[in-house]
*Asks:* 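Let me give you the structure first, and then I'll get to my questions.
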Amino acid sequence: MSERLNAFRAEVRAWLEAEAPASLRGAPAGFLQGTWGGRKVKFDSPDHERWLRMMAERGWTAPTWPTEYGGGGLSKAEDEVLKSELRRLKLPPPLIGFGLVMIGPTLLEFGTEAQKREHLPPIVRGEIRWCQGYSEPGSGSDLASLRTSAVRDGDRFVINGQKVWTSYAEKSDWIFCLVRTNTQVPKQQGITFILVDMDMPGVTTRPIPLISGASPFCEVFFSDVVAEARNVIGGIDQGWTVAKALLGHERTMVGEVFAQSVAGGEAELAQAARRYIGADADGKVADPLIRHELAQVAMDERAFMLTVKRIKDGAKAGQRPGPESSILKVYGTELNQRRRELSVRIAGTDGLGWEGEDYPPEALTATREWLRARGNTIEGGTSEIQLDIIAKHTLGLP
Amino acid sequence: MSERLNAFRAEVRAWLEAEAPASLRGAPAGFLQGTWGGRKVKFDSPDHERWLRMMAERGWTAPTWPTEYGGGGLSKAEDEVLKSELRRLKLPPPLIGFGLVMIGPTLLEFGTEAQKREHLPPIVRGEIRWCQGYSEPGSGSDLASLRTSAVRDGDRFVINGQKVWTSYAEKSDWIFCLVRTNTQVPKQQGITFILVDMDMPGVTTRPIPLISGASPFCEVFFSDVVAEARNVIGGIDQGWTVAKALLGHERTMVGEVFAQSVAGGEAELAQAARRYIGADADGKVADPLIRHELAQVAMDERAFMLTVKRIKDGAKAGQRPGPESSILKVYGTELNQRRRELSVRIAGTDGLGWEGEDYPPEALTATREWLRARGNTIEGGTSEIQLDIIAKHTLGLP
Amino acid sequence: MDLVLSDEQRMIRDGAASFFRERGGVARMRAYRDAGGVGVGLWRELAELGWAGLIVPEAHGGAGLGMAEMAVVSEAAGRVLAPEPLLGCAVLGASALGLGGVEAGLGWLAKVASGEAVAALAWDERAMRGETARTGTVARRDGDGWRLEGEKCDVIAGAEADVLVVSARKDGGEVALFLVEKAAPGLTVSAQRRVDSVSVARVGLSGVAASAEIGDASVLDKVLDRGRVAAAAELLGVAGAAFEMTLAYLKERQQFGVAIGTFQTLRHRAARLYMALELARSAVMAASRAVDAGAGTRAGEAVQMVSLAKARASDAALLVADEAVQMHGGIGMTDEHDIGLYFKRARVLAMTLGDGAFHRDRWARIAGY
Amino acid sequence: MDLVLSDEQRMIRDGAASFFRERGGVARMRAYRDAGGVGVGLWRELAELGWAGLIVPEAHGGAGLGMAEMAVVSEAAGRVLAPEPLLGCAVLGASALGLGGVEAGLGWLAKVASGEAVAALAWDERAMRGETARTGTVARRDGDGWRLEGEKCDVIAGAEADVLVVSARKDGGEVALFLVEKAAPGLTVSAQRRVDSVSVARVGLSGVAASAEIGDASVLDKVLDRGRVAAAAELLGVAGAAFEMTLAYLKERQQFGVAIGTFQTLRHRAARLYMALELARSAVMAASRAVDAGAGTRAGEAVQMVSLAKARASDAALLVADEAVQMHGGIGMTDEHDIGLYFKRARVLAMTLGDGAFHRDRWARIAGY
């Protein structure tokens with residue numbers, strides 16, 4: 001087994017060394033860096049395009065998906081090897097997006113053979129970009145109360161309503177939506193999960209500016225939009241099961257994203273504190289409260305990252321994912337808020353800057369990140385909902 | 001009016017100057033200092049006894065109660081004058097206890113003429129000491145679920161059950177109790193407020209040691225205890241109305257007690273911090289976090305006392321008691337906890353002492369006060385219940 | 001010093017509330033922002049109502065009232081996020097001109113009270129972190145006068161000011177206040193936009209001739225303390241209005257078939273916000289009265305009350321602001337909803353003239369821990 | 001350094017849990033307390049199970065295991081508030097005797113491991129506030145040996161100890177560790193009772209002759225860090241058990257016709273306690289492994305992990321303890337209910353070897369802010 005893996009590693013390494021575009025090597029590995037794909041794709045460079053094509057050809061844009069749907073057909077262990085080799089050369093992912101991490105896995109779990117054959121290969125090749133149509137203005141925490149309606153008309157559905165908080169809707173090609181197909185039954189039982197081509201007439205999008213400025217979020221309006229009945233996933237009125245599976249997946253992802261994003265934050269904050277506040281005779285950050293909060297945030301970050309590691313180590317050791325994972329979303333988002341808050345406090349008067357040449361650019365960024373972070377405990381399931389879930393499912397409270 | 005008050009003041013002053021026992025003047029005015037009265041009364045000194053008798057004779061142990069029940073018949077304004085003159089000579093109150101502040105006012109509001117004539121004069125004279133029988137082991141926050149039963153038998157009731165958290169039960173003569181007289185109706189509608197002579201056969205009491213050590217709290221057990229039906233206050237099955245009125249009164253009192261108790265705490269804490277921690281080169285308490293928390297607690301105390309003052313000033317100006325008063329119990333008790341917590345932290349290793357000659361006596365006291373304070377947010381209506389009340393009644397949340 | 005509003009104060013409060021309501025409430029701030037956030041809004045109208053000169057002595061054309069009355073107006077302004085420089089001009093500017101009792105300063109007061117002239121105080125600097133003892137701007141003696149050298153930041157109403165009062169160290173020693181007129185050569189004023197979209201000025205002083213010295217460091221402290229009381233009162237208004245919007249939302253927003261205000265967690269948290277606001281209000285009332293009582297109070301007492309008020313109001317407002325956005329959920333994060341405007345103003349005012357931590361440190365210093 | 005328990009560690013955990021359960025759980029602590037709270041309880045039995053010598057090298061009669069294994073036993077002991085001196089003797093005492101590698105100290109280890117002798121570390125003093133740099137006890141050279149002068153406090157198992165390791169400044173300079181036997185003239189040991197009813201000793205040293213010098217300041221730091229890991233692990237046990245008792249109470253206690261665990265405020269607060277405990281657990285696992293890895297880790301890294309674990313575990317335990325009493329309501333305040341015993345032990349362990357604030361300061365120092 002390990003021998004086969006070693007052989008695989010050698011093969012991957014040789015191929016990457018030989019073929020991967022030199023211009024992309026040594027890139028900083030930000031988690032949102034990479035090509036999003038889609039009909040309106042914009043490549044950062046011709047090498048980015050070449051990199052996508054060559055990886056997609058091997059199915060390595062979706063390494064663990066079955067080869068019959070264009071995937072790489074790799075085992076988890078092989079996937080780890082591939083990832084570590086990409087990291088070794090500091091290569092960006094060839095393709096990112098909600099097709100790969102959200103609708104793709106959902107189709108693999110709930111889709112019919114025909115649906116998989118139709119929708120997965122274009123995702124692997126980066127030809128179709130997907131977005132998510134879940135929340136509505138009246139349905140936030142109570143998602144199942146959604147009202148966007150889909151009325152059957154032969155082998156089609158006609159959709160009317162509005163979605164909100166759809167990331168990158170204006171750049172996407174297809175949207176996976178929750179729609180109401182039955183109003184005569186309890187709310188969870190009348191929801192259908194359907195795929196909609198956003199090029200169809202009647203779909204319009206509008207960006208949502210936030211308190212922190214521009215954002216990828218959009219509203220999406222449906223006015224007599226036609227969707228094919230064959231694009232219903234998991235059965236008519238059966239969409240809630242599909243939706244919940246996807247949501248659970250999303251929350252784990254969010255926790256991990258925050259874990260990645262906190263790494264290295266400590267040093268940055270400490271530097272800012274020295275720059276803005278200076279040091280006392282002992283060489284300590286001159287404001288003892290700020291210094292104490294720096295330690296608090298840094299230590300909380302470390303404890304958080306160690307918890308992420310503990311969960312992963314447990315999984316590696318063959319333990320079932322423990323209930324600890326339920327805390328990642330709540331804690332990770334609050335931690336990010338506290339960090340941004342501290343960063344603004346450290347910046348003093350600069351921390352209040354909104355625009356203007358007199359403010360240091362990094363201070364302006366910090367201010368907007370602080371504002372943006374307020375949304376972390378709301379989006380993707382509010383902290384209140386997460387705590388309810390922990391109380392009920394993890395602690396077994398009645 | 002003001003002239004009459006001035007005349008009254010002159011009269012009071014002259015009388016006190018002439019008659020009040022010299023040995024009692026200049027006493028520290030702790031809010032629990034004074035004679036409790038009752039059949040088992042213990043006077044701190046013969047002068048304390050003389051002081052009680054001479055004040056009771058004028059009805060000035062209960063200055064505002066009507067003279068026909070032994071009270072002083074004073075107006076509120078006259079009462080204020082009397083109080084200020086007592087303060088001037090630093091005289092202790094001649095009599096304290098739950099008769100004066102709890103059952104007395106309740107009888108004045110809800111009692112029949114016969115009940116008032118029977119029970120009020122012995123309170124005024126300090127002959128009968130009262131205690132309160134409300135909570136039961138199964139009925140804490142949900143007081144109305146109480147189960148101690150009283151069964152009618154002619155013009156008597158036979159009582160069986162258990163009360164808990166009765167302060168000074170073993171030193172008291174009578175207990176005012178909530179008992180269940182009807183189990184066939186909604187719980188609030190089957191409760192009766194009744195007065196019980198604790199010398200009756202079948203009453204036993206047991207003290208409750210707390211995590212902080214000995215306490216005035218007791219359990220009271222009723223085993224076929226007989227009470228006269230004429231001692232029902234407010235009607236059979238009508239006790240909940242009486243109980244609620246008394247509870248509201250109690251909560252305001254608790255808030256005021258905390259307001260009194262915080263005064264002067266700041267200087268004491270600051271001195272302890274200097275003694276235990278020392279000062280840095282700038283003369284500041286050497287631990288910057290402790291110093292910061294000292295300021296936090298001191299400022300919170302000041303804001304709290306100012307709020308108490310604002311409520312009183314508003315009442316003086318003829319405004320109806322505002323909703324602000326609902327916050328006193330919650331905030332005052334949490335403040336006391338934080339202060340005790342800080343005091344233990346300041347004392348370092350001494351803060352952990354339980355007993356032993358090697359610990360400074362004030363540190364041992366501080367430790368027990370810290371432990372005792374944990375109960376503040378539970379007794380007299382938990383903070384959770386208080387916050388529910390604020391949300392509903394003050395904020396009008398549904 | 002009873003902590004109740006007098007009849008006159010109630011009248012002023014009600015008058016201010018209805019003025020701001022008639023002028024469009026918070027919608028006016030949104031329009032002001034979308035128009036670029038420059039200028040002093042309805043300053044002339046406010047002056048006609050007597051608010052620009054509210055604390056200016058009657059002898060100098062003002063109403064001769066105190067901070068207790070000013071606080072009432074500031075709170076009303078805070079409730080609608082009024083962009084006018086009540087704090088910047090009517091409190092800081094007017095106090096800086098007048099409290100030193102120097103003719104050159106007093107002479108401006110009538111124009112300030114009438115709204116003809118805008119005055120601003122330039123005291124803060126980027127590296128000071130609120131401590132006047134760290135003032136870096138220097139005044140060098142030049143014949144009978146002084147020349148100023150340095151850079152000031154966050155000057156409220158600085159871009160619109162006709163006259164500036166600038167703090168600087170006399171020959172690098174004691175801090176004093178200097179009068180600088182708009183046209184003075186060497187003076188550069190550039191507007192900057194803060195998160196609340198109200199612009200403040202960065203002021204460069206390059207050998208600028210001061211027209212007079214009008215106060216010493218103790219005057220500056222008194223001016224700042226008046227500003228702190230006004231800022232605290234304004235915060236009460238900002239946070240109070242944000243809290244009421246949130247309370248209304250809790251009653252109205254339905255999820256899971258019920259109003260979200262039925263959820264106990266939100267109820268308890270709302271009750272805690274209410275407590276924080278009530279305690280802050282007591283402190284602000286006490287501070288305004290202590291400042292007005294002036295010499296009548298124990299040394300340090302008024303200063304401690306001011307720090308108490310500013311700390312409490314700042315902390316309460318930040319807490320309310322955070323919770324208001326959270327309780328509004330997604331809509332609270334959108335630029336379209338007014339709660340975000342309150343969130344931003346709360347932050348700016350909380351940091352202005354010292355936040356909670358600053359004032360707890362100051363309290364500890366005065367109390368001698 | 002994977003953060004999972006090995007099979008051996010699981011076995012030790014399960015063994016310890018069943019041992020303590022069979023011996024009566026927390027009821028044993030109550031009985032111990034009611035009997036006056038002196039002595040070392042079932043120490044001999046614990047020694048027979050190998051726990052007294054768990055981290056003593058095999059060459060000296062111990063099991064030769066590490067802090068990762070010790071942490072597992074300490075947690076199990078914490079869950080039942082075991083009064084035995086695992087922390088005092090098996091960790092602090094044994095480490096102080098052995099880590100300096102000096103024969104005079106090593107010679108005691110076999111007896112300690114077998115339970116024949118109890119060892120204790122006397123390092124703290126009333127005015128030190130946990131900082132070893134403030135050690136006041138002095139060692140004066142006396143011929144080839146040293147004589148100790150000073151007073152130590154809070155010596156765990158000090159009253160029962162056959163041998164003490166005492167920290168003192170050599171001629172007022174560097175701190176070092178000295179071996180002092182029970183019978184040494186000039187040594188006075190008096191037991192004191194702390195809130196958790198486990199007695200500790202105050203130790204007076206009046207010209208006491210040390211039988212050897214067995215370690216320097218760096219050894220003391222290592223000893224204390226091992227103690228911190230063990231205390232943090234014990235806190236996990238104390239807080240974990242208190243949390244589970246509270247959770248059970250939330251499910252069982254009925255008010256208003258429902259279990260109080262249906263009230264959202266309590267649910268959310270319980271969820272937060274859970275989070276605090278899980279994060280503390282991760283930190284404790286990481287710290288025990290970092291200490292065991294020793295030289296393999298970046299300088300400072302293990303020390304930071306230790307401070308992280310102790311700070312996190314202390315803070316989590318204090319939070320859990322406060323909430324556990326509050327959620328139990330009145331019954332939680334009675335001496336009769338076990339939750340109070342947990343409350344008190346949590347406080348003692350949280351303050352022992354540095355509380356959260358102490359370790360945040362230490363972290364900041366190492367991190368260089």
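Below, read A as the first sequence line, B as the second, and so on, with proteins coming before strands; counting in each chain starts at 1. What you see below is based on every heavy atom in this structure, not just the backbone, and it leaves out hydrogens, waters and symmetry mates.
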*Asks:* Going through the distances and angles, do A:L306 and D:L308 end up as a side-chain contact (heavy atoms from CB on, under 4.5 Å)?
*Replies:* CA-CA 11 Å; A:L306 287 169; D:L308 177 64; 3.8 Å; yes
*Asks:* For each of D:M285, D:R362, D:M305, tally heavy-atom pairs with chain A at distances under 4.5 Å, and name the one with the top tally.
*Replies:* D:M305
*Asks:* A quick test of your reading: do over 12 heavy atoms of other residues, nucleotides or ligands sit less than 6.0 Å from CG of D:D7?
*Replies:* no
*Asks:* D:R312 versus chain A, heavy atoms under 4.5 Å apart: side chain, backbone, both or neither?
*Replies:* side chain
*Asks:* Would the number of heavy atoms belonging to other residues, nucleotides or ligands and lying under 6.0 Å from CD of D:E174 be above 12?
*Replies:*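 No - once you tally the heavy atoms of other residues, nucleotides and ligands closer than 6.0 Å, there are 12 at most.
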*Asks:* Do the non-hydrogen side-chain atoms of D:R272 and A:L387 ever get within less than 4.5 Å of each other?
*Replies:* yes
*Asks:* Could you check whether any side-chain heavy atom of A:I390 comes within less than 4.5 Å of a side-chain heavy atom of D:H268, counting everything from C-beta outward?
*Replies:*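 No, side chains not in contact.
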*Asks:* Using a cut-off of 6.0 Å, state whether more than 12 heavy atoms not belonging to A:K187 lie near its atom NZ.
*Replies:*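 Buried by this count: over 12 neighbours within 6.0 Å.
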*Asks:* Highest number of heavy-atom pairs under 4.5 Å with chain D: which of A:A295, A:A273, A:P398, A:G396?
*Replies:*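 Option with the top pair count is A:P398.
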*Asks:* Heavy atoms only: give me the nearest A:T307-D:L279 pair and the separation to one decimal.
*Replies:*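 Heavy atoms only, the tightest pair is OG1-CD2, 3.2 Å.
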*Asks:* Is D:F243 in contact with chain A via its backbone, its side chain, both, or neither, using a 4.5 Å heavy-atom distance?
*Replies:*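 For D:F243, side-chain heavy atoms alone lie under 4.5 Å from chain A.
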*Asks:* Distance from D:Y369 atom OH to A:I290 atom CD1, nearest 0.5 Å?
*Replies:*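 Answer for the OH-CD1 pair, D:Y369 versus A:I290, is 13.0 Å.
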*Asks:* Identify which of A:G283, A:A270, A:A298 forms the greatest number of heavy-atom pairs closer than 4.5 Å to chain D.
*Replies:* A:A298
*Asks:* Counting only heavy atoms closer than 4.5 Å, note whether A:K392 contacts chain D via side chain, backbone, both or neither.
*Replies:* both
*Asks:* Report yes if some heavy atom in the side chain of A:K309 is under 4.5 Å from a heavy atom in the side chain of D:D2; otherwise report no.
*Replies:* yes
*Asks:* Is it the backbone or the side chain of A:D282 that comes under 4.5 Å from a heavy atom of chain D, or both, or neither?
*Replies:* neither
*Asks:* Quick one: does D:V4's side chain get under 4.5 Å of A:R310's, heavy atoms only?
*Replies:*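 They are not in side-chain contact.
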*Asks:* Given heavy-atom pairs under 4.5 angstrom as the criterion, report whether the side chain, backbone, both or neither of A:Q271 touches chain D.
*Replies:*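 Nothing of A:Q271, per the 4.5 Å heavy-atom cut-off to chain D.
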*Asks:* Contact part of A:E334 toward chain D, heavy-atom cut-off under 4.5 Å: side chain, backbone, both or neither?
*Replies:*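 Contact with chain D involves the side chain of A:E334 alone.
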*Asks:* Side chain from CB out, backbone as N, CA, C, O: work out which of these in D:A367 comes under 4.5 Å of a heavy atom of chain A, or both, or neither.
*Replies:* side chain
*Asks:* Evaluate A:R291 against D:R365 for side-chain contact (heavy atoms from CB on, under 4.5 Å), listing each step before the verdict.
*Replies:* CA-CA 10 Å; A:R291 177 172 176 268; D:R365 219 155 44 197; 4.1 Å; yes
*Asks:* Indicate yes or no: at least one non-hydrogen side-chain atom of A:Y331 is less than 4.5 angstrom from one of D:E278.
*Replies:*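 Contact flag for A:Y331/D:E278 side chains = no.
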*Asks:* Measuring from atom CG of D:L277 to atom CD1 of A:I327, what distance do you get when rounded to the nearest 0.5 angstrom?
*Replies:* 9.5 Å
*Asks:* For the atom pair CG (A:L397) and CD1 (D:I260), what is the distance rounded to the nearest 0.5 Å?
*Replies:* 10.0 Å
*Asks:* Would you compute the distance between atom NE2 of D:H359 and atom CE of A:M299 and round it to the nearest 0.5 angstrom?
*Replies:*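 One gets 8.0 Å once the value is rounded to the nearest 0.5 Å.
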*Asks:* With a 4.5 angstrom heavy-atom cut-off, could you sort out which part of D:A259 is near chain A: side chain, backbone, both or neither?
*Replies:* side chain
